Asks: 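Structure in structure tokens, see below.
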Amino acid sequence: MRPTILVRLVVLAVGIAYTAVLALTGVNLDNTAKLIVGWFPAAASLALLVWDLWAWRLPPLNRLTRRPRIDGLWEATLTPTEESHIPEGGNRGPIPAYIVINQSYWSLHVRQMTVESGSDSKSFFWDRVPGDDVERLNFLYQNDPRPEHRARSPRHLGTCSFDTARLVPQSVRGVYFTDRYTQGEMELRLVDRSKGYTSYQEAAAHVAELRSDDRS
């Protein structure tokens, strides 16, 4: 279970437990004021849960938060710079990739998949550059190459920044830098809001199926 899921369940459970204790200890909730006092913690916990999972995405509300919605499956292209220290035999790009983003208001996970490796975000933060209308995502990730590529490309860490530009973007630009002294640019295009893909091949099969349906 992800820590964010556990926190949500604990917050909701504490609110409900507080209300249950009031009832079991004989507190008489027979008027409006007492009902508010008794049920407020449970209602507030539920409201926070609804906000985190869904409400912040609604158009009248997301303009207040400036938090872009970027969850779903993205088709990406990575373009390393010429100065990148790519080992002999490595892919100098452009490198096709798929990115799966799971997002709530207070949590986010980024999974990037290429033919040779997979990456998972370890920490993240949002910031907003003065003059920008929406927040920018920055995250630290760990890359785990497939076993057959680890002699040339060992496990490594990297940082990435996504410039979303819009509240509900269909494309995203990004830059990355790794502790192998490689860096480059990223171009992301939204495929759909589906998630749960664990490999490049699985995501590619889904995209191919979508395009086949579009042609038929």
Side-chain angles (χ1 to χ4, degrees), residues 1-9 11-12 44-79 96-114 118-143 158-176 184-200 202-211 213-214:
M1 180 182 295
R2 293 186 182 277
T4 50
I5 297 176
L6 180 61
V7 170
R8 292 172 190 147
L9 293 177
V11 169
L12 188 59
S45 300
L46 182 59
L48 286 174
L49 184 63
V50 170
W51 171 265
D52 185 38
L53 295 178
W54 303 291
W56 68 274
R57 300 174 181 173
L58 300 177
L61 298 176
N62 64 359
R63 292 175 183 172
L64 298 176
T65 67
R66 301 298 183 181
R67 180 69 48 84
R69 182 184 179 183
I70 57 173
D71 61 300
L73 175 64
W74 296 79
E75 191 171 25
T77 301
L78 286 64
T79 307
Y98 290 101
I99 293 177
V100 177
I101 301 178
N102 290 279
Q103 180 189 18
S104 72
Y105 185 75
W106 285 298
S107 68
L108 183 136
H109 179 263
V110 181
R111 170 71 172 168
Q112 178 180 286
M113 302 162 291
T114 69
S119 301
D120 288 282
S121 60
K122 299 302 180 182
S123 63
F124 73 95
F125 67 92
W126 296 93
D127 70 348
R128 185 150 67 100
V129 177
D132 286 357
D133 291 331
V134 298
E135 294 178 317
R136 180 177 299 173
L137 174 65
N138 305 274
F139 61 93
L140 171 71
Y141 65 88
Q142 177 176 293
N143 180 274
T159 60
C160 187
S161 177
F162 283 171
D163 188 1
T164 53
R166 297 180 179 179
L167 288 173
V168 188
Q170 297 297 307
S171 63
V172 170
R173 295 179 62 87
V175 293
Y176 69 91
E185 298 182 340
M186 306 174 67
E187 296 281 347
L188 283 68
R189 297 162 297 281
L190 180 65
V191 176
D192 57 24
R193 299 295 179 185
S194 62
K195 307 175 185 71
Y197 306 100
T198 59
S199 69
Y200 177 92
E202 187 179 1
H206 173 71
V207 173
E209 183 178 355
L210 290 178
R211 290 174 177 167
D213 291 341
D214 289 341

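Just so it is clear, the model here is predicted, and its values are computed rather than measured. Starting from 1, each residue takes its place in the sequence as its number. Side-chain atoms are counted along with the backbone in the values below, which use heavy atoms only and exclude waters and symmetry mates.
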Asks: For the atom pair CZ (Arg67) and CG (Leu61), what is the distance rounded to the nearest 0.5 Å?
Replies: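 Answer rounded to 0.5 Å: 13.5 Å.
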Asks: Measure across Leu73 and Leu190 and return the closest heavy-atom pair with its distance rounded to 0.1 Å.
Replies: O-CD1, 3.6 Å
Asks: Name the orientation class of the two ring planes belonging to Phe124 and Trp126 (parallel below 30°, tilted from 30 to 60°, perpendicular beyond 60°).
Replies: perpendicular
Asks: For residues Leu188 and Ile99, report the shortest heavy-atom separation together with the two atoms involved.
Replies: CD2-CD1, 3.8 Å
Asks: Is there a side-chain contact between Cys160 and Met186 in this structure, where contact means two heavy atoms from C-beta onward sitting under 4.5 Å apart?
Replies: yes
Asks: Can you find a pair of side-chain heavy atoms, one from Asn102 and one from Leu108, that are under 4.5 Å apart?
Replies: no
Asks: Strictly by modelled atom types, are Glu202 and Thr198 linked by a side-chain donor-acceptor pair under 3.5 Å?
Replies: yes
Asks: Can you list the steps and then say if Ile101 with His109 is a side-chain contact (heavy atoms from CB on, under 4.5 Å)?
Replies: CA-CA 6 Å; Ile101 301 178; His109 179 263; over 6 Å; no
Asks: Could you tell me whether a side-chain N or O of Trp54 sits under 3.5 Å from a main-chain N or O of Val50, the two making a donor and an acceptor?
Replies: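 Answer holds: no.
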Asks: Kindly indicate whether the side chain of Trp74, heavy atoms from C-beta on, has any atom under 4.5 Å from the side chain of Val172.
Replies: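 A side-chain contact under 4.5 Å exists here.
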Asks: Got a donor-acceptor contact below 3.5 angstrom from the Asp132 side chain to the Val134 backbone?
Replies: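 No, Asp132 side chain to Val134 backbone: no donor-acceptor pair under 3.5 Å.
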Asks: Verify whether one side chain among Asn138 and Asp127 offers a donor that lies under 3.5 Å from an acceptor in the other.
Replies: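 Yes, Asp127 and Asn138 have a side-chain donor paired with an acceptor closer than 3.5 Å.
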Asks: Search all heavy atoms of Arg63 against all heavy atoms of Leu167 and return the closest pair with its distance.
Replies: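 Distance-wise, the nearest heavy atoms are CG-CD1, 3.7 Å.
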Asks: Between Phe139 and Phe125, is a side-chain contact (heavy atoms from CB on, under 4.5 Å) present by the stated rule, with each step listed?
Replies: CA-CA 6 Å; Phe139 61 93; Phe125 67 92; over 6 Å; no
Asks: For Ser121 and Arg111, which I'm curious about, is there any donor-acceptor pair between the side chains at under 3.5 Å?
Replies: no
Asks: For ring pair (Phe, Tyr, Trp, His ring centres under 6.0 Å), just list the numbers for Tyr105 and Trp51, CA-CA rounded to whole Å, side-chain angles, deciding distance to a tenth of an Å, and then say yes or no.
Replies: CA-CA 7 Å; Tyr105 185 75; Trp51 171 265; 5.5 Å; yes
Asks: Output, in order, the C-alpha distance, side-chain angles, deciding distance and verdict of side-chain contact (heavy atoms from CB on, under 4.5 Å) for Ser119 and Gln142.
Replies: CA-CA 5 Å; Ser119 301; Gln142 177 176 293; over 6 Å; no
Asks: Closest heavy-atom contact between Ser161 and Arg136?
Replies: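 It is OG-CD, 3.3 Å.
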Asks: Roughly how far, to the nearest 0.5 Å, is CG of Leu53 from OG of Ser104?
Replies: 6.0 Å
Asks: Looking at Arg66 and Glu135, is there a salt bridge between them, counting it only when a charged N and a carboxylate O are closer than 4.0 Å?
Replies: no
Asks: Minimum heavy-atom separation for Val207 to Tyr98, with atom names?
Replies: CG2-CE2, 3.6 Å
Asks: Within a reach of under 6.0 Å around CD of Glu185, are more than 12 heavy atoms found that belong to other residues, nucleotides or ligands?
Replies: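 No - once you tally the heavy atoms of other residues, nucleotides and ligands closer than 6.0 Å, there are 12 at most.
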Asks: Could you tell me whether Glu75 and Arg211 make a salt bridge, using a distance below 4.0 angstrom between a side-chain N and a carboxylate O?
Replies: yes
Asks: Taking Asp120 first and then Lys122, would you say they form a salt bridge - that is, a charged N and a carboxylate O separated by under 4.0 Å?
Replies: no
Asks: Which pair of heavy atoms, one from Thr114 and one from Ala97, lies closest together, and at what distance?
Replies: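 Closest approach of Thr114 to Ala97: CG2-CB, 3.7 Å.
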Asks: I want to check something: taking the side chain as every heavy atom from C-beta on, are Val100 and Met113 in contact at a cut-off of under 4.5 Å?
Replies: yes
Asks: Look at the side chain of Gln103 and the backbone N and O of Pro68, then say whether any donor-acceptor pair between them is shorter than 3.5 Å.
Replies: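 Present.
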Asks: If you draw the axis of the six-membered ring of Phe162, does the NZ or CZ of Arg173 fall within 45° of it and under 6.0 Å from the ring centre?
Replies: no
Asks: Walk me through whether Asp71 and Arg193 qualify under side-chain contact (heavy atoms from CB on, under 4.5 Å).
Replies: CA-CA 6 Å; Asp71 61 300; Arg193 299 295 179 185; 3.6 Å; yes
Asks: Set out, in order, the CA-CA distance, both residues' side-chain angles and the distance that settles side-chain hydrogen bond (donor to acceptor under 3.5 Å, both in side chains) for Arg166 and Ser171, then state yes or no.
Replies: CA-CA 9 Å; Arg166 297 180 179 179; Ser171 63; over 6 Å; no
